[in-house]
Amino acid sequence: MIRVFCIVISLCISWGLIARDKKEFFPKKNLTTVGAYYYPEHWDESQWDRDLRKMSEMGFEFTHFAEFAWAQLEPEEGKYDFAWLDKAIAIAAKHNLKVILCTSTATPPVWLTRKHPEILIKNENGTTVDHGARQHASFSSTFYRQYSLKMIAELAKRYGKDSRVMGWQLDNEPGVRQDYNTDALLRFRSFLRNKYNNQIQELNKAWGTAFWSQIYSSFDQINFPLPSNWGQNPHQMLDYRRFTAYESASFLDEQAAEIRKYSTSEQWITSNYIPDYWAGHIGKSKLFDFYSYTRYIVSGGLGIGQKGYRIGDPMLIPFANDYFRPIGGMYGVMELQPGQVNWGTVNPQPYPGAVRLWLWSVFAGGSDFTCTYRFRQPIYGDEQYHAGIVGTDGVTPSRGGLEYQQFITDIAKLRKLYNPKAQLPAEYTKRKTAILHNVDNTWSMSKQKQTVEWNTDNHIQKYYKPLKSFGAPVDVVNEEADWNKYPVLIAPAYQLVDDQLIEKWTNYAKQGGHLVLSCRSGQKDRFDRLFEMPFGGKMVNLIGAKMDFFDLLVPSDPGTVQMNEKNYPWVSWGEVFTPDSQTEVWGTYVNDFYAGKAAVLHRKLGKGSVTYIGVDSSDGSLEKDVLKRVYALNGTSLMNLPQGVWMEYRDGFGIAVNYGPEAFEFPLNNKARIVIGEKKIPLAGVLVWEE
Ligand code: GAL
């Protein structure tokens with residue numbers, strides 16, 4: 001009886017009649033799994049068995065095929081060749097490697113491009129990109145979508161029920177490009193018709209077209225905003241950005257829907273996004289099972305200290321973890337750097353241990369898998385100097401390859417110790433913090449920065465970095481999320497608001513949350529227009545203060561804000577307030593004609609509080625000290641990790657990583673039992689413990 005019940009349930013699941021727990025895609029007891037990209041079409045068939053055997057012997061558990069292989073899968077229109085892929089999948093399976101399949105839409109075959117040159121992306125100056133590279137087809141092209149979906153359907157018919165295939169990656173790093181293709185323009189117009197209820201007057205109002213005589217009488221008169229147009233309408237640009245995000249997501253959703261027609265629900269669907277928080281389309285596809293990202297850490301950036309350029313910026317991986325995980329409730333990393341890349345400003349060798357450090361950094365955020373680009377170093381094509389897990393001879397493990405192997409061995413050790421009942425330490429969960437993010441704000445501020453000193457990403461990092469030094473788990477969330485599970489919610493430079501959002505912020509604080517807002521927040525509506533009220537007027541009731549004005553300085557004459565007798569320098573943005581009598585002033589301006597006026601405000605609201613930091617400090621130290629005061633409000637104990645060191649807990653393990661500049665003695669508590677590494681974490685080192 002029980003057996004019959006189980007069979008019925010599993011059939012319902014595989015037919016998609018019952019939604020599965022996403023975590024089942026990757027068994028929890030395995031903690032994580034590691035794979036590598038392999039391009040059978042790049043190598044002589046006689047080597048496939050040797051290569052995939054080697055991959056498996058090194059401990060990899062899955063591989064990744066057919067990413068840029070449309071020309072090999074459909075060599076002539078309508079003539080498909082799956083024999084080579086069948087063979088490669090069979091060899092992978094023989095070596096116990098699961099397979100991720102890709103949809104190849106980043107590389108159309110030349111027969112398609114020549115037959116329909118109108119599929120190509122058009123640049124602002126009217127030139128079109130051409131065959132001979134990749135990512136040159138327009139996501140807006142009707143033909144391109146049709147041809148892509150036809151090819152994808154054939155692929156899914158063949159492999160959608162194949163248990164050797166675990167999931168699908170759609171396209172490759174689907175980006176948003178400025179695309180002046182004719183189909184794109186037509187689709188932009190219909191996007192606007194839809195948004196403005198086919199009423200051109202609604203659009204005129206939203207875009208403020210009374211300004212500079214820009215009034216339209218029909219949607220057909222609207223063109224793309226041109227970046228080269230000086231003084232281009234900002235409202236039009238914001239809608240164009242939203243369109244490009246929608247366009248990318250809608251193409252991927254069409255792909256996902258096509259695969260779903262033929263695949264079992266055992267196979268998951270995702271895409272591999274560049275963690276480009278400006279792109280705006282990440283998270284917009286509705287049919288994905290989860291989101292994955294790609295990450296290259298050493299490519300010419302300086303990192304911390306003398307050797308930091310070999311180790312990378314310590315925040316690149318954790319921020320991506322915290323950004324992607326909340327979107328789909330889980331995440332994986334589809335491409336992680338295996339060694340030198342070929343496209344950086346400088347492509348140094350990673351520091352000994354750095355590749356392994358990145359793997360642990362991905363793991364620490366709770367990921368289910370990491371895949372590396374790529375197994376073999378290419379010997380022809382555009383990426384010849386790009387490292388692989390094995391080198392140009394196809395057999396010798398690279399330095400990075402050996403570090404992957406080391407990580408895989410370490411994970412095997414953790415799997416043996418895994419305790420499904422393990423809980424996250426209470427003091428860690430108490431620090432749980434959300435950062436509210438909406439790319440519309442970034443777009444809006446990039447168009448009207450007001451000062452070259454302003455940088456939205458850096459501003460957000462001034463809040464994120466302290467959180468990591470406190471040992472706080474962070475989720476980057478959107479406006480729809482349930483914020484009540486986070487004791488602290490930070491909305492940095494949240495420029496575009498409406499009454500609904502302000503009400504949600506107010507209720508969050510009233511119900512006991514500690515809301516932290518920073519400068520530039522609440523200044524504009526969703527169309528990017530200022531409110532018809534005193535500047536900053538929308539925020540008065542929430543923050544308990546009126547804004548007198550804002551000021552922007554030059555680096556040769558920095559300002560100072562004082563809090564608790566400590567001075568903090570600032571240049572880029574400072575707002576000057578007159579607080580209500582109930583509002584506490586935490587920080588004041590020290591100099592200039594507004595010396596003594598309020599810069600940092602705090603007020604109680606219901607069971608919680610609202611803190612407003614009206615200034616963007618030069619080094620982030622003010623933001624850090626204000627956050628410390630906020631956590632002290634409910635007695636949250638914070639860590640004090642130095643720059644370059646951060647930690648997380650998952651599945652009963654604590655993981656601490658050191659991006660430098662020096663060795664660091666980690667303050668382990670008495671309950672901790674070291675599993676990997678030592679208390680004194682060396683440069684590029686890792687410490688893992690059970691707790
Ligand atoms: C990624 C891309 C890969 C490969 C890699 C090289 O951005 O998705 O296909 O080109 O860069 O580092």
Side-chain angles (χ1 to χ4, degrees), residues 37 68 106 123-124 129 132-136 172-178 227 272-279 282 293-321 323 333-359 361-362 372-374 377-389 391-392 398-401 403 442 446 449 452-462 464-465 555 572 618-620 643-644 657-661 683-684:
Y37 279 65
F68 302 118
N123 296 318
E124 186 188 343
V129 285
R134 67 175 176 184
Q135 289 162 319
H136 46 290
N172 169 59
E173 289 186 330
V176 165
R177 290 189 58 172
Q178 303 280 337
N272 60 337
Y273 288 98
I274 303 175
D276 172 358
Y277 311 110
W278 283 66
I282 304 169
Y293 71 83
T294 65
R295 196 87 263 200
Y296 294 84
I297 319 292
V298 162
S299 58
L302 291 184
I304 305 175
Q306 182 77 8
K307 295 295 174 195
Y309 72 99
R310 295 195 189 280
I311 301 173
D313 178 339
M315 294 299 127
L316 288 180
I317 294 179
F319 194 78
N321 292 344
Y323 182 90
V333 173
M334 200 60 92
E335 293 176 29
L336 187 71
Q337 186 169 357
Q340 280 168 302
V341 295
N342 67 309
W343 46 261
T345 49
V346 180
N347 301 310
Q349 281 288 342
Y351 196 80
V355 171
R356 177 173 167 261
L357 172 83
W358 305 330
L359 279 156
S361 301
V362 168
T372 185
Y373 179 87
R374 53 186 273 158
Q377 172 160 357
I379 55 174
Y380 57 86
D382 188 53
E383 293 180 337
Q384 292 172 77
Y385 289 88
H386 197 292
I389 292 299
T392 42
S398 61
R399 295 179 50 242
E403 293 191 17
T442 316
S446 72
K449 278 174 98 169
V452 292
E453 298 298 320
W454 177 263
N455 180 319
T456 307
D457 282 352
N458 286 352
H459 182 76
I460 296 172
Q461 287 298 321
K462 285 174 191 167
Y464 184 72
K465 278 187 197 166
S572 60
S618 301
D619 57 2
Q643 186 195 23
V657 291
N658 183 4
Y659 283 71
L683 185 55

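Residue numbers start at 1 and run along the sequence shown. These numbers were taken from a predicted model, which means no experiment stands behind them.
Remark: the backbone N or O of Ile297 is paired with a side-chain donor or acceptor of Gln337 at under 3.5 angstrom. The backbone N or O of Pro350 lies less than 3.5 Å from no partner atom in the side chain of Tyr309, so there is not a single donor-acceptor pair. A donor-acceptor pair under 3.5 Å is absent between the side-chain atoms of Ser361 and the main chain of Ile317, judged by distance alone. Side-chain atoms of Gln377 do not come within 3.5 Å of backbone N or O of Ile389 as any donor-acceptor pair. No donor-acceptor pair under 3.5 Å is formed between the side chain of Arg295 and the backbone N or O of Ala320.
Note that CD of Gln384 is 10.5 Å distant from OG1 of Thr392, once rounded to the nearest 0.5 Å. Note that the CE atom of Met334 and the OH atom of Tyr293 stand 12.5 Å from one another [nearest 0.5 Å]. Between the CG atom in Leu683 and the CD1 atom in Ile304 there is a gap of 10.0 Å [rounded to 0.5 Å]. A distance of 10.0 Å separates OH in Tyr323 from OH in Tyr273, rounded to the nearest 0.5 Å. Note: Lys465 NZ to Ile460 CD1 = 13.0 Å, rounded to the nearest 0.5 Å. Note: Arg374 CZ to Glu383 CD = 7.0 Å, rounded to the nearest 0.5 Å.
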Discussion item. Quick one, Tyr351 with Val298, criterion side chain to side chain contact (heavy atoms under 4.5 Å, CB included). Give me CA distance, side-chain angles, the key distance, then yes/no.
Written reply: CA-CA 10 Å; Tyr351 196 80; Val298 162; over 6 Å; no

Practice prompt. Go through the steps for Lys449 and Asn455 under the test side chain to side chain contact (heavy atoms under 4.5 Å, CB included), then give the verdict.
Written response: CA-CA 8 Å; Lys449 278 174 98 169; Asn455 180 319; 5.7 Å; no

Worksheet item: Going through the checks in order, is the side-chain hydrogen bond (donor to acceptor under 3.5 Å, both in side chains) test met by Gln178 and Glu124?
Response: CA-CA 8 Å; Gln178 303 280 337; Glu124 186 188 343; over 6 Å; no

Discussion item. Applying side chain to side chain contact (heavy atoms under 4.5 Å, CB included) to Arg134 and Phe68, what does each step give before you reach the verdict?
Written reply: CA-CA 9 Å; Arg134 67 175 176 184; Phe68 302 118; 3.1 Å; yes

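Considering all non-hydrogen atoms of both residues, Pro338 and Val355 come closest at O-CG2, 3.8 Å. Smallest separation of non-hydrogen atoms from Pro348 and Gly300: CD-N, 4.4 Å. When all heavy atoms of Val657 and Leu357 are compared, the closest pair comes out as CB-CD1, 3.6 Å. Here the closest non-hydrogen pair linking Ser299 and Val341 is CB-CG2, 4.0 Å. The two atoms that bring Ala684 and Ile311 nearest to each other are CB-CD1, 4.3 Å, heavy atoms only. Between Pro174 and Asn272, the closest heavy-atom pair is CD-O, 3.6 Å.
Side-chain atoms of Tyr659 and Asp313 form no donor-acceptor pair, as typed in the model, at a separation below 3.5 Å. For the residue pair Asn342 and Asn347, no side-chain donor N or O sits within less than 3.5 Å of a side-chain acceptor on the partner. Between the side chains of Arg399 and Gln349, at least one donor N or O sits under 3.5 Å from an acceptor N or O. In summary, the side chains of Trp278 and Asp457 do present a donor paired with an acceptor at a separation below 3.5 Å, with no hydrogens or angles considered. A donor-acceptor pair shorter than 3.5 Å can be found between the side chains of Glu173 and Thr294.
Note on ring orientation: taking the six-membered ring where Trp is involved, the planes of Trp343 and Tyr296 are perpendicular (angle over 60°, cut-offs 30° and 60°).
Between Tyr37 and Tyr373, a ring centre-to-centre spacing shorter than 6.0 Å is recorded. Between Phe319 and Tyr277, a ring centre-to-centre spacing shorter than 6.0 Å is recorded.
By the neighbour-count criterion of 12 heavy atoms within 6.0 Å, atom CD of Gln643 is sparsely surrounded, having that number or fewer from other residues, nucleotides or ligands.
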